[in-house]
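Below you'll find the structure I mean.
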Amino acid sequence: MSLSQPIRCHFCQQTPCLTRCAEYNDSLNQLATEYVKLVLAIGHHDPLYVDAYYGPAQWRAQVEAQDLSLDTLAEHSADLVSRLEQARHDLLCQSLRDRHHFLSKQLASVAVYLKRSMGQSLSFDAESRALYDTRAPEHSLTDFNEALARLDSLLPGEGTLAKCFDAYRQQFIVPADRVPLVFTAAVEHARLLTRCHLALPEGEQFRVEFVKDKIWTAYNWYQGDYTSLIQLNQDHPLHLERALELASHEGYPGHHVFNLLQERELVKGLGWWEYAIYPLYSPISFLSEGSANFGLSLLMSKEERIDFEHQVLMPMAGIAGDLRHYHEVIEAYKALANLDTLVCRQLIDAEITREEAARLLVDYALYTPEKAAQRVRFYLANRSYVLNYHHGEESVGEYVTRKARDSAQAWKAFAALLARPRAASEIIR
């Protein structure tokens with residue numbers, strides 16, 4: 001570099017505000033540290049709240065030793081919200097304003113979650129706005145009549161539509177003893193394709209664990225240092241198409257990539273510790289779940305997916321059948337996705353009982369009774385979190401499409417979104 005060339009600010013790339021940006025960044029660092037410790041303290045009361053943490057171990061130990069009450073944490077939260085708002089007026093460059101905006105959204109959700117933990121009652125929509133920065137579109141059962149009629153025309157057999165759907169899908173169940181082989185192959189293929197578009201860190205890795213008795217189908221537990229534990233729940237059968245869907249959602253380019261990009265770019269790259277903790281019930285989950293659902297459509301075209309399943313996964317699983325027709329059925333079935341939010345909203349708002357919710361999932365979403373019971377348990381445990389899946393997927397897809405004219409630009413927009421997360425209100429037009 002020439003000695004006469006001006007030094008540019010690390011954050012905004014401008015020359016005039018070099019010192020001031022560094023000072024304001026230091027100020028945000030202090031607030032971010034307090035935010036991380038606050039989230040850890042809530043996690044001490046509710047272990048499910050902290051989905052991932054790979055910050056300093058001494059912070060967690062310090063928080064556990066203090067064992068602060070929820071009332072005290074609520075006071076700390078209000079104080080931190082106030083101080084963060086005061087800091088907003090001093091920020092000169094867009095990079096630090098974006099950082100501040102993310103912290104503000106996350107912290108606002110923390111304050112609401114604390115109130116809910118202490119007994120405040122919220123409707124589904126009020127909670128979703130407060131925790132996830134968005135409200136899901138409303139639907140009625142009649143909105144799904146066309147999709148159900150389409151499925152009825154595609155499915156063979158007699159009896160209820162739910163029974164016909166379940167019977168038809170039986171031929172595409174991966175045998176239990178072959179699930180590890182099929183799922184691992186799907187994850188490795190998703191990883192290979194993702195690497196064609198994104199530069200992933202050397203040494204990034206995952207391991208797969210098979211579990212039972214969970215309210216979810218699969219889960220990614222990000223460990224830090226570019227490593228994930230992916231758990232697959234074997235309470236219910238794995239259908240063939242779910243192998244790639246879960247592989248891309250939990251792994252590549254889903255949750256695993258979502259977390260490692262932030263660790264590389266923001267935690268290790270900039271020292272922004274707020275990204276080293278993931279409070280599950282917060283705005284970042286909208287992007288996390290939405291991008292994980294959307295990723296497979298970026299990764300493979302419909303034809304490429306059918307080819308891979310036909311040539312690789314079906315022989316591995318020992319499955320035979322008309323895969324193209326099966327995907328036509330599954331595509332029609334996915335038009336029912338918003339039923340998830342509709343049923344959960346009615347349950348949380350006490351418009352229906354848990355038994356009625358399960359019956360709606362069987363009659364309209366075509367769940368088996370066992371799967372419906374599992375899903376109702378998920379609703380009661382996670383409440384408005386369900387909107388992050390389909391509403392998130394649609395919103396991320398629309399955002400990426402607006403930013404891109406071709407596949408290369410779509411991947412660029414997608415990667416930028418993962419590496420520097422945006423709240424729902426910033427994504428949704």
Exercise for review: Verify the distance criterion only: is there a donor paired with an acceptor across the side chains of Glu394 and His390 at less than 3.5 Å?
Suggested key: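 Checked: Glu394/His390 side chains pair up, N/O donor to acceptor below 3.5 Å.
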Review point. Any idea how Phe172 and Tyr326 line up, ring-wise: parallel (<30°), tilted (30 to 60°), or perpendicular (>60°)?
Key: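 Plane angle under 30°, so parallel.
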Point to revise | Lys/Arg-Asp/Glu bridge criterion (N-O < 4.0 Å) met for Arg305, Glu241 | key: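 Looking at Glu241 together with Arg305, the answer is no, because their closest N to O distance does not fall below 4.0 Å.
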Review point. Taking the six-membered ring for Trp, are Tyr281 and Tyr113 parallel (under 30°), tilted (30 to 60°) or perpendicular (over 60°)?
Key: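 Tyr281 vs Tyr113 ring planes: parallel.
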Practice item. Verify the distance criterion only: is there a donor paired with an acceptor across the side chains of Gln66 and His44 at less than 3.5 Å? Key: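 Side chains of Gln66 and His44: no pair found under 3.5 Å.
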Exercise for review: Begin from the C-alpha positions of Arg191 and Glu188 and carry the test salt bridge (Lys or Arg N to Asp or Glu O under 4.0 Å) through to its verdict.
Suggested key: CA-CA 5 Å; Arg191 178 195 221 172; Glu188 289 291 1; 3.3 Å; yes
Exercise for review: Say whether, by atom type as modelled, one donor and one acceptor occur between the side chain of Gln374 and the main chain of Lys214 under 3.5 angstrom.
Suggested key: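 Checked: pair present.
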Review point. Can you name the closest pair of heavy atoms from Arg420 and Leu266 and give their distance?
Key: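 So the minimum-distance heavy-atom pair works out to CD-CD2, 3.8 Å.
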Review point. side-chain hydrogen bond (donor to acceptor under 3.5 Å, both in side chains) between Tyr219 and Asp51: does it pass, once the steps are laid out?
Key: CA-CA 10 Å; Tyr219 213 105; Asp51 191 76; 2.3 Å; yes
Check your understanding: Would Arg207 and Glu209 count as a salt bridge (Lys or Arg N to Asp or Glu O under 4.0 Å) if you check the C-alpha gap in whole Å, the side-chain angles of each, and the deciding distance to 0.1 Å?
Key -> CA-CA 7 Å; Arg207 65 184 178 91; Glu209 187 174 273; 3.6 Å; yes
Review point. Does Phe294 offer a backbone N or O that forms a donor-acceptor pair with the side chain of Ser297 under 3.5 Å?
Key: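 Checked: pair present.
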Point to revise | More than 12 heavy atoms of other groups within 6.0 Å of Arg83 CZ | key: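 Yes.
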Practice item. Check the pair Tyr132 / His391 against ring-ring contact (aromatic ring centres under 6.0 Å, His included), numbers first and verdict last. Key: CA-CA 11 Å; Tyr132 309 114; His391 181 39; over 10 Å; no
Review point. Do Tyr364 and Phe144 have ring centres separated by under 6.0 Å?
Key: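 For Tyr364 and Phe144, the ring centres are not under 6.0 Å apart.
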Check your understanding: So, for Val267 and Trp272, which heavy atoms are closest and what is the spacing to 0.1 Å?
Key ->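 Nearest pair, atom of Val267 first, then Trp272: CG2-O, 3.8 Å.
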Exercise for review: For Asp166 and Thr368, run side-chain hydrogen bond (donor to acceptor under 3.5 Å, both in side chains): C-alpha distance rounded to whole Å, both residues' side-chain angles, the deciding distance at 0.1 Å, then the answer.
Suggested key: CA-CA 7 Å; Asp166 183 52; Thr368 63; 5.8 Å; no
Exercise for review: Would you sort out whether Glu64 and Arg60 count as a side-chain contact (heavy atoms from CB on, under 4.5 Å), showing the intermediate values?
Suggested key: CA-CA 6 Å; Glu64 291 177 352; Arg60 189 192 290 274; 3.6 Å; yes
Practice item. State yes or no: are the ring centers of Tyr379 and Tyr385 separated by less than 6.0 Å? Key: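 No; Tyr385 has its ring centre 6.0 Å or more from that of Tyr379.
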Exercise for review: Please determine, by modelled atom types, if Gln94 and Arg97 share a side-chain donor-acceptor pair under 3.5 angstrom.
Suggested key: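 Checked: Gln94/Arg97 side chains pair up, N/O donor to acceptor below 3.5 Å.
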Exercise for review: Measure from the side-chain N and O atoms of Tyr399 to the backbone N and O of Phe414, and report whether any donor-acceptor pair falls under 3.5 Å.
Suggested key: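 Pair absent, no side-chain N/O of Tyr399 close to backbone of Phe414.
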Practice item. Kindly say whether Phe378 contributes a backbone atom to a donor-acceptor pair with the side chain of Asn382 at under 3.5 angstrom? Key: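 Present.
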Point to revise | Ring-face cation of Lys268 near Tyr226 (centre distance under 6.0 Å, axis angle within 45°) | key: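 Because its charged atom sits under 6.0 Å from the ring centre and within 45° of the axis, Lys268 does stack over Tyr226.
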Exercise for review: Please check if any side-chain donor atom of Gln30 sits under 3.5 Å from a side-chain acceptor atom of Glu34, or the reverse.
Suggested key: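 Yes, a side-chain donor-acceptor pair sits under 3.5 Å.
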Check your understanding: Which residue pairs satisfy the ring pair (Phe, Tyr, Trp, His ring centres under 6.0 Å) criterion with at least one member in residues 50-80, sequence neighbours excluded?
Key ->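 Qualifying pairs, neighbours excluded: Tyr54-Tyr222, Trp59-Trp273.
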Point to revise | Gap between atom CG of Leu270 and atom CG of Asn25 - 0.5 Å precision | key: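 Reported value, rounded in 0.5 Å steps: 7.5 Å.
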Check your understanding: Taking atom types as modelled, is there a side-chain donor on Lys371 or Thr217 under 3.5 Å from an acceptor on the other?
Key ->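 Result is yes, a qualifying pair exists.
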**Study point:** Between Lys403 and Gln409, a side-chain donor and acceptor under 3.5 Å
**Key:**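 Looking only at side-chain atoms, Gln409 and Lys403 do not form any donor-acceptor pair under 3.5 Å.
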Review point. For Leu122 and Arg383, which heavy atoms make the closest approach, and how far apart are they?
Key: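 So the two residues come closest at O-NH2, 3.1 Å.
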Review point. Does CG belonging to Asp213 count more than 12 external heavy atoms closer than 6.0 Å?
Key: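 Count not over threshold, so no.
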Review point. Hey, is the main chain of Ser384 close enough, under 3.5 Å, to the side chain of Ser128 for a donor-acceptor pair?
Key: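 Not a single qualifying donor-acceptor pair exists.
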Review point. Does the Ser77 side chain pair with the main chain of Leu73, one donor and one acceptor, at a distance under 3.5 Å?
Key: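 Such a contact is absent between Ser77 side chain and Leu73 backbone.
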Exercise for review: Locate the shortest heavy-atom distance separating Gln106 from Pro283; write the atom from each residue and the value.
Suggested key: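 Closest heavy-atom pair between Gln106 and Pro283: OE1-CD, 3.3 Å.
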**Study point:** Exam field: side chain Thr194 to backbone Ala190, donor-acceptor pair closer than 3.5 Å
**Key:**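 Looks like yes, one N/O pair under 3.5 Å.
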Point to revise | Residue pair Met118 / Ala74: nearest heavy atoms and the distance that separates them | key: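 Answer, listing the atom of Met118 first, then Ala74: CE-CB, 3.7 Å.
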Check your understanding: Checking salt bridge (Lys or Arg N to Asp or Glu O under 4.0 Å) for the pair Arg402/Glu398: CA distance, chi angles, key distance, verdict?
Key -> CA-CA 6 Å; Arg402 290 200 307 270; Glu398 291 169 0; 5.0 Å; no
Exercise for review: Using only heavy-atom distances, determine whether the side chains of His139 and Thr341 contain a donor-acceptor pair under 3.5 Å.
Suggested key: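 Side chains of His139 and Thr341: no pair found under 3.5 Å.
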Practice item. Evaluate the side-chain contact (heavy atoms from CB on, under 4.5 Å) criterion for residues Leu360 and Gln346: first the C-alpha distance (whole Å), next the side-chain angles of each, then the deciding distance (0.1 Å), finally the verdict. Key: CA-CA 11 Å; Leu360 285 173; Gln346 290 184 342; 3.8 Å; yes
Point to revise | Heavy-atom closest contact (Leu151 atom, Val329 atom, distance) | key: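 Closest pair (atom of Leu151, atom of Val329, distance): CD2-O, 3.4 Å.
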Review point. For the side chain of His255 and the backbone of Trp221, is there at least one donor-acceptor N/O pair under 3.5 Å apart?
Key: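 Not confirmed, His255 side chain does not pair with Trp221 backbone.
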Review point. With a 4.5 Å limit on heavy-atom distance, are the side chains of Arg135 and Glu127 in contact?
Key: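 In short, these two side chains do not touch, never coming nearer than 4.5 Å.
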Check your understanding: Only one of Ser109, Ser285, Ser425, Ser282 forms a side chain to side chain donor-acceptor pair (under 3.5 Å) with Asp133, so which one is it?
Key ->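 Answer after filtering Ser109, Ser285, Ser425, Ser282: Ser425.
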Review point. So does Gln62 have more than 12 non-hydrogen atoms from other groups sitting under 6.0 Å from CD?
Key: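 Check passes, neighbour count above 12.
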Check your understanding: Do the side chains of Glu289 and Glu393 get nearer than 4.5 Å, heavy atoms only?
Key ->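 No; the side chains remain at least 4.5 Å from each other.
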Review point. Which class fits the ring pair Tyr252 and His256: parallel under 30°, tilted 30 to 60°, perpendicular over 60°?
Key: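 Perpendicular, since the angle between the ring planes exceeds 60°.
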Practice item. For the pair Arg345 (side chain) and Ala136 (backbone), establish whether a donor and an acceptor sit closer than 3.5 Å, ignoring hydrogens and angles. Key: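 Looks like yes, one N/O pair under 3.5 Å.
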